[in-house]
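Beneath this line is the structure, given in structure tokens, with notes to follow.
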Amino acid sequence: MGGAFDRVTVERERLAVTAVKLAPRLLGAVLVSEIGGARVAVRLTEVEAYEGTADPASHGFRGPTPRTEIMFGPAGFLYCYFTYGMHWCANVVCGVEGRSSAVLMRAGEIVEGADVVAVRRPTAKRAVDYARGPARLASCLALDAAANGLDLCSADSPVRLEYVPSRARPGVRSGPRVGISVATEQPWRFWLPDEPTVSVFKAGGRKRVPPARHTEQP
DNA sequence: AGGACGATTAACT
DNA sequence: GTTAATCGTCCTC
């Protein structure tokens with residue numbers, strides 16, 4: 001049907017805005033995963049904007065690489081990356097092609113498939129901790145290398161983004177991003193107030209190491 | 001070719 | 001509060 005194509009186009013257009021614009025709009029939206037033979041859905045409560053080539057904290061800042069290639073394409077695709085030798089995190093690619101803007105999904109509430117999530121995240125003590133943190137959220141939805149580049153707008157896709165509004169709801173909070181060591185002055189972390197799934201802010205992130213670059217003088 | 005460093009988490013004291 | 005785990009990526013030599 002032509003209608004299905006039109007709907008995908010509309011959804012993708014909706015995501016083709018800057019990360020700072022899209023990030024607060026994604027709060028309350030639902031990400032559905034049917035990876036691994038199970039259906040799990042998370043309602044997003046915390047996200048961060050990364051403005052690609054304009055943002056020193058973005059993986060896309062220094063231009064495309066094999067890892068970040070998907071970020072430089074059109075909006076509405078999933079960017080998954082591996083970090084700290086053990087975790088996966090997931091982003092919604094947004095903005096215009098070539099700029100590599102993306103929104104990191106940091107936390108959410110599991111609204112479907114909690115039984116499956118309990119198996120995927122056996123160390124969680126409470127349900128609010130299931131998707132509290134970006135690597136935990138990715139783990140809940142089984143997002144890893146195989147999910148990188150999947151289309152979030154197509155009804156046929158195993159991972160879909162649903163209920164994204166045109167405007168951010170009132171009351172959205174913002175503050176510095178977590179875990180970065182550059183561009184820390186930008187308040188590009190967004191979250192919903194009074195949500196127990198939102199992670200506590202760890203000030204400053206990783207400690208700044210003194211300049212390791214050292215040239216010996218004769 | 002070598003090494004520093006993570007958009008983190010869990011398990012410690 | 002601190003720190004180990006653990007490896008792909010990217011920068012430097």
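Letters go in sequence order (proteins before strands), and every chain restarts at 1. Only a predicted model underlies this, so the values are computations on that prediction, with no experimental measurement involved. Because only heavy atoms are used, hydrogens play no part in the values below, and waters and symmetry mates are left out as well, while side chains stay in.
At whole-Å resolution of the value, CZ in A:Arg106 and P in B:dT8 are 5 Å apart. Distance CZ (A:Arg67) to P (C:dC11): 10 Å, rounded to an integer number of Å. Here C:dG8 presents its P atom at 15 Å from OH of A:Tyr79, a figure rounded to the nearest Å. Regarding A:Met86, its CE atom lies at a distance of 17 Å from the P atom of B:dC5, rounded to whole Å. Atoms CG (A:Asp129) and P (B:dA10) sit 9 Å apart, rounded to a whole Å. Atom OH of A:Tyr84 and atom P of B:dT9 are 10 Å apart (whole Å). Atoms CZ (A:Arg126) and P (B:dT9) sit 14 Å apart, rounded to a whole Å. When rounded to the nearest whole Å, the span between CH2 of A:Trp88 and C1' of C:dT6 equals 14 Å.
Within 6.0 Å of CD in A:Glu162 there are more than 12 heavy atoms belonging to other residues, nucleotides or ligands.
Counting only distance, with no hydrogens or angles, the side chain of A:Asn91 and the backbone of A:Ala102 share no donor-acceptor pair below 3.5 Å.
Here the nucleotide nearest the side chain of A:Thr123, chosen from B:dA11, C:dC7, B:dA7, is B:dA11. The side chain of A:Tyr81 sits closest to B:dA7 out of B:dA7, C:dC10, C:dG8. Checking B:dG6, B:dT9, B:dA7 against the side-chain heavy atoms of A:Leu104 singles out B:dA7 as nearest.
Under the Watson-Crick or G-U wobble criterion, with both distances below 3.5 Å, B:dA7 is left unpaired in every strand shown. When Watson-Crick and G-U wobble pairs are counted only if both distances are under 3.5 Å, C:dT6 pairs with no nucleotide at all.
Regarding contacts with the backbone of B:dA10, every side-chain N or O of A:Arg132 stays at 4.0 angstrom or more from both OP1 and OP2. Within the 4.0 Å cut-off from OP1 or OP2 of B:dG6, not a single side-chain nitrogen or oxygen of A:Thr83 is found. Contact check, A:His59 against C:dT9: no side-chain N or O comes under 4.0 Å of OP1 or OP2.
A:Ser154 and A:Arg160 share no side-chain donor-acceptor pair at under 3.5 Å. A:Ser101 and A:Glu51 share a donor-acceptor pair across their side chains, judged by distance under 3.5 Å alone.
Relative ring orientation between A:Phe82 and A:Trp88 is described as tilted, the plane-to-plane angle lying within the 30° to 60° band.
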